[in-house]
2 protein chains.
Amino acid sequence: MPVLVVRRLIKYLSCLKALSADGEAWVSSHELAEALDLTSSTVRQDFSHVEFSGSSKRGYDIDRLIEALSNLLNTTHTKSIVIVGAGNLGKALARHRGFLGQGFRMCAIFDSAPKVIGQKVGQLTVMGMSDLADAVKSEGVEIGIISVPSEAAQSVADQLVAAGVCGILNVPCTHIQVPEGVAVVEAHVVESLQELACLIKNGNGGE
Amino acid sequence: MPVLVVRRLIKYLSCLKALSADGEAWVSSHELAEALDLTSSTVRQDFSHVEFSGSSKRGYDIDRLIEALSNLLNTTHTKSIVIVGAGNLGKALARHRGFLGQGFRMCAIFDSAPKVIGQKVGQLTVMGMSDLADAVKSEGVEIGIISVPSEAAQSVADQLVAAGVCGILNVPCTHIQVPEGVAVVEAHVVESLQELACLIKNGNGGE
DNA sequence: AAATCGCTGTTAATGAATTGACAACCGTTG
DNA sequence: CAACGGTTGTCAATTCATTAACAGCGATTT
């Protein structure tokens, strides 16, 4: 399934949950398209990847579609996460509520600075890097978040891979190299602002 | 210029700065391609959008290329930013060092909860939403960051637009609607993790 | 000073993604 | 019960992005 499709499926899911919370039961491809600034054709094309059929004249059964998407996107089973880097962003992510309802569990947070090790961050206590491999193994951690300065990102990535994570979310603006079989997604925090700066300069409007 | 090109230009810039810091003077499209997992053809194609010429046999003059890219991407003139939402992520972004060197200046942070207003966040003090419009105008703020819960995002977007920002960085996983002429970029924090979850499930490796 | 080699810039070819178009379907209404 | 209207699913057409191919240039070497 193409990455672009996956990204949109994630948006549909979020949008559908909001609709469901509002008490809606049915939605059409046109309504979804309008809400997300897409064409209805794209929406229907995307849903062709999902094991689910809409019904003519009424559209899609929201709750059943949510279920189908959740299965496909793997949000049903809870995934364990470790964060490496207990700076401002790392700590904020560790405390972030938004992950809970989405099937993610923050297991541990690590840092290399002795000064930071032992600090409390929400429920967690910052641990030293030497404990990383054990924690990943014993807790069955699948995902590592890298939130260290750029220079250290590749080394942390290597350690996460060695410890056995299958996916990495990379926060600093560095490209990291990983072996085949490990997935990487960039978080684009600073990059997104730079993208904005460029769009603004060139008068490229939103929408 | 296509968005995908802009995103890569941002990566080139970041990579070039690292090379320059290492004392390198020249780089070829092949080297850049390898560092970022692209083809050299893509790199050269991308640079055709830049007012800059490489030199045959030696490649690109790193420092001059950095300058050309900085101009094109609008990172030379400092842009002022306000953050709306002083939760964990909002505060972390306000304190984040990574923005300084990149031409961004954090002007103010806002929240609607009386309990939070008045708190210190780094250099800044959390202000109430009623002060938003004035601050944007008097400080010439161009960019607003939305880091509030999903339900409130659209309303905050409307207020930022009304106040006169030209670009918005949207952190929560909601799609927001803005009038023509305002640029929006999504920060994809939770979404990125969901993308990872899906990639992992389907055995889609990294690289 | 001529020949060489590696690199760029660009055009053409391929490959993806998006959009448009339409047949098939099914509730609803007269 | 038949005609209608609106919606899906899919195929085709178009647009966009990436890759490949190659001519031309310039530093370097002989």
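By convention in this document, chain letters (A, B, ...) are assigned in the order of the sequence lines, proteins followed by strands, and residues within each chain are numbered from 1.
One atom, OH of Y60(B), and another, C1' of dG26(D), lie 15 Å apart when rounded to the nearest Å. As a whole-Å value, the separation of L4(A) CG from dA16(C) P is 13 Å. In this structure, the NE2 atom of H49(A) is 13 Å from the C1' atom of dT18(C), given to the nearest Å. With rounding to whole Å, F47(A) atom CZ is found 15 Å from dT7(D) atom P. Per the geometry, CZ belonging to F52(B) stands 16 Å off P belonging to dC7(C), to the nearest Å. Between D37(A) atom CG and dT18(C) atom P the separation is 14 Å, expressed in whole Å. Computed from coordinates, the D46(B) CG to dA17(D) P distance equals 11 Å when rounded to whole Å. If you take CD of E34(A) and C1' of dT7(D), they are 16 Å apart, rounded to a whole angstrom.
Side chain of D22(A) to main chain of E24(A): no donor-acceptor pair is present (N/O by atom type, distance under 3.5 Å, no hydrogens or angles). K79(A) places a side-chain N or O within donor-acceptor distance of the main-chain N or O of N74(A), the cut-off being under 3.5 Å.
Within the structure, ring pair (Phe, Tyr, Trp, His ring centres under 6.0 Å) contacts touching residues 127-179 of chain B (residues at least two apart or in different chains) do not occur.
Closest contact between the side chain of R44(A) and the listed nucleotides dT10(D), dT8(C), dT18(C) involves dT10(D). With dT10(D), dT18(D), dT8(D) as the candidates, the nucleotide lying closest to the side chain of S41(A) is dT10(D).
The side chain of T39(A) places an N or O atom within less than 4.0 Å of a non-bridging phosphate oxygen (OP1 or OP2) of dT19(C). At dC7(C), none of the side-chain N or O atoms of S29(B) fall inside 4.0 Å of OP1 or OP2 (strictly under the cut-off).
For the residue pair R105(B) and T78(B), no side-chain donor N or O sits within less than 3.5 Å of a side-chain acceptor on the partner.
Residue-environment remark: CD (E139(A)) exceeds the threshold of 12 foreign heavy atoms within 6.0 Å.
Using a 4.0 Å heavy-atom distance criterion, S40(A) is classed as making no nucleic acid contact.
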Can you give each donor-acceptor pair under 3.5 Å made by side-chain atoms of residues 148-173 of chain B, sequence neighbours left out, with the distance rounded to 0.1 Å?
from: S150(B); atom 1: OG; to: T174(B); atom 2: OG1; distance (Å): 3.4
from: Q154(B); atom 1: OE1; to: Q177(B); atom 2: N; distance (Å): 2.8
from: Q154(B); atom 1: NE2; to: D158(B); atom 2: OD1; distance (Å): 2.9
from: Q154(B); atom 1: NE2; to: Q177(B); atom 2: O; distance (Å): 3.0
from: S155(B); atom 1: OG; to: Q159(B); atom 2: NE2; distance (Å): 3.2
from: Q159(B); atom 1: NE2; to: S155(B); atom 2: O; distance (Å): 3.4
from: N170(B); atom 1: ND2; to: T174(B); atom 2: O; distance (Å): 2.6

Show each protein N/O and nucleotides 25-29 of chain C N/O combination with a separation under 3.5 Å, one pair to a line.
from: dC25(C); atom 1: O2; to: S56(A); atom 2: OG; distance (Å): 3.2
from: dC26(C); atom 1: O4'; to: S56(A); atom 2: OG; distance (Å): 2.8

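A salt bridge links R7(B) with E195(A): at least one charged nitrogen is closer than 4.0 Å to a carboxylate oxygen.
The base of dT10(C) has none of its N or O atoms less than 3.5 Å from a complementary donor or acceptor on the side chain of Q45(B).
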